[in-house]
Structure formats: structure tokens, C-alpha cells
Asks: 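Take a look at the following structure, please.
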Amino acid sequence: MKPIIPVLMSDIQQLSQPVDIIKYILQWYTHTPKNINDTFASDEISFRYDDATSGHNPELIKEVVRTRLMYILKKYFPTGSLTVEVTTTPVDEVRYNITIDILVIIDKVPYSLSNDYSVDSEGNLEYKLNGD
């Protein structure tokens with residue numbers, strides 16, 4: 001069974017390509033707060049929540065993010081080989097940048113954001129989805 005994510009976009013009905021699914025999961029994780037749904041609370045993911053519960057500690061957040069994303073990606077790609085690498089670099093005493101590298105290998109074919117990504121004028125990842 002091929003994984004898909006249904007979406008409510010005017011030009012896209014579903015995401016079925018692995019790179020699109022990776023982008024969507026990463027966008028959801030970095031932009032959505034937790035505790036928005038009681039029914040699926042145990043499966044909600046939120047970087048904001050994880051950052052807060054790790055005390056905004058850049059060393060602790062690396063493993064929290066890696067574990068959380070591996071857990072969710074495994075649900076979409078149960079037969080795939082998954083790698084999530086997380087690094088942080090300090091900006092100042094309280095802020096840090098975080099880099100998340102995701103690689104999914106399905107039937108010996110690698111999928112990662114490095115296959116298809118763009119950044120905005122401030123250097124932030126743009127989430128352009130191809131969809132079906």
C-alpha cells in the first residue's frame with residue numbers, strides 16, 4: 001500500500017511522492033502547536049512543544065527532534081530505511097539555528113529534501129509541494 005496524505009489545496013488533492021510527504025511532515029512539525037486535537041493527541045507532533053519541554057536546550061532538542069521525526073516517518077514509510085540527522089548552531093546565548101536532514105530509502109531509491117527544495121530570501125526552506 002502506497003502512503004498518501006490528503007490535503008485541502010485548490011490544485012492538489014493528495015501527496016503521494018516521498019519527498020512531498022517528507023516536506024509536509026517537516027512543515028507540520030515546525031509550524032503547528034501541540035494539543036489541537038484530543039482524539040489523536042498521542043500522535044501530534046510539534047517542534048514548539050518539543051523545544052519547550054526540552055527547556056530550549058539546543059543539545060537536548062537534537063535527540064528529541066530526531067526521535068519524534070523517526071517515529072512519524074516510520075508510520076508513512078514502514079519498509080523504508082530512515083535516517084534523521086539534527087544539528088544545532090548557536091546564534092547567541094538564547095537562540096540557535098537547527099538543521100534537520102532527512103533521508104528515506106525505499107527499494108534502493110533515496111529520497112531527501114536535497115532532491116527538491118528552495119529557500120526564500122531569508123534562507124528559510126520553502127515548502128513547495130508537487131502533489132497529485
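Predicted model, so just to flag it, every value in this text is computed and none were measured.
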Asks: Which pair of non-hydrogen atoms, one from Arg68 and one from Asp50, has the smallest distance, and what is that distance?
Replies: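 Taking every non-hydrogen atom into account, NH2-OD1, 2.9 Å.
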Asks: For Lys62 and Thr87, which heavy atoms make the closest approach, and how far apart are they?
Replies: CD-CA, 3.9 Å
Asks: Has Ser54 got a side-chain atom pairing as donor or acceptor with Asp51's backbone, closer than 3.5 angstrom?
Replies: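 It does hold such a pair.
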Asks: Please report the closest heavy-atom contact between Ile106 and Gly80, naming both atoms and the distance.
Replies: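 Looks like CG1-CA, 4.4 Å.
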Asks: Is atom CD of Glu85 surrounded by more than 12 heavy atoms (other residues, nucleotides or ligands) closer than 6.0 Å?
Replies: no
Asks: Ignoring hydrogens, what is the shortest heavy-atom contact between Pro110 and Ile105? Give both atom names and the distance.
Replies: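 Shortest heavy-atom contact: CA-CG1, 4.1 Å.
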Asks: Could you pull out the closest heavy-atom pair between Val84 and Met70, with the gap in Å?
Replies: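 Result for this residue pair: CG2-SD, 3.5 Å.
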Asks: Locate the shortest heavy-atom distance separating Ile102 from Ser112; write the atom from each residue and the value.
Replies: O-CB, 3.1 Å
Asks: According to a 4.5 Å side-chain heavy-atom criterion applied to Ile, Leu, Val, Met, Phe, Trp and Tyr, with indirect links allowed, do Leu26 and Tyr96 form part of one hydrophobic cluster?
Replies: yes
Asks: Would you call Tyr76 and Ile72 a side-chain contact if the rule is heavy atoms closer than 4.5 Å?
Replies: yes
Asks: For Val64, is there any backbone N or O sitting under 3.5 Å from a side-chain donor or acceptor partner on Thr67?
Replies: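 No; judged by distance alone, with no hydrogens or angles, the pair does not exist.
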Asks: Would you give the length of the straight line joining atom CG of Leu103 to atom OG1 of Thr83, rounded to the nearest 0.5 angstrom?
Replies: 5.0 Å
Asks: How far apart are the C-alpha atoms of Ile25 and Ile45, what are their side-chain angles, what is the distance that settles it, and do they pass the side chain to side chain contact (heavy atoms under 4.5 Å, CB included) test?
Replies: CA-CA 9 Å; Ile25 290 170; Ile45 59 173; 4.2 Å; yes
Asks: Hey, is the main chain of His31 close enough, under 3.5 Å, to the side chain of Arg48 for a donor-acceptor pair?
Replies: yes
Asks: Verify the cluster assignment for Tyr49 and Leu69: are they in a single hydrophobic cluster under the rule of side-chain heavy atoms below 4.5 Å apart?
Replies: no
Asks: Starting from the C-alpha separation in whole Å, work towards a yes-or-no answer on side chain to side chain contact (heavy atoms under 4.5 Å, CB included) for Asn57 and Ile61.
Replies: CA-CA 6 Å; Asn57 183 323; Ile61 195 66; over 6 Å; no
Asks: To the nearest 0.5 Å, tell me how far Leu73 CG sits from Ile21 CD1.
Replies: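 Leu73 atom CG to Ile21 atom CD1 measures 9.5 Å (nearest 0.5 Å).
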Asks: For the side chain of Thr88 and the backbone of Ile98, is there at least one donor-acceptor N/O pair under 3.5 Å apart?
Replies: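 Not a single qualifying donor-acceptor pair exists.
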Asks: Decide whether Ile100 and Val19 are clustered together by the hydrophobic rule: side chain heavy atoms of Ile, Leu, Val, Met, Phe, Trp, Tyr closer than 4.5 Å, transitively.
Replies: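 Ile100 clusters together with Val19.
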Asks: Could you give me the CA-CA distance, side-chain angles and deciding distance for Ile22 and Phe77, then say whether side chain to side chain contact (heavy atoms under 4.5 Å, CB included) is met?
Replies: CA-CA 10 Å; Ile22 293 167; Phe77 308 109; 4.2 Å; yes
Asks: Yes or no on side chain to side chain contact (heavy atoms under 4.5 Å, CB included) for Lys74 and Leu82, after CA distance, side-chain angles and deciding distance?
Replies: CA-CA 7 Å; Lys74 194 67 174 166; Leu82 307 173; 3.7 Å; yes
Asks: Under 4.5 Å between side-chain heavy atoms, hopping through other hydrophobics if needed: is there a path connecting Leu113 to Val7?
Replies: yes
Asks: Would you say CG of Asp92 has more than 12 non-hydrogen atoms from neighbouring residues, nucleotides or ligands within 6.0 angstrom?
Replies: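 It does: Asp92 CG has more than 12 such atoms within range.
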Asks: When clusters are formed by joining ILVMFWY residues with side-chain heavy atoms under 4.5 Å apart, either directly or through shared neighbours, do Leu60 and Val86 land in the same one?
Replies: no
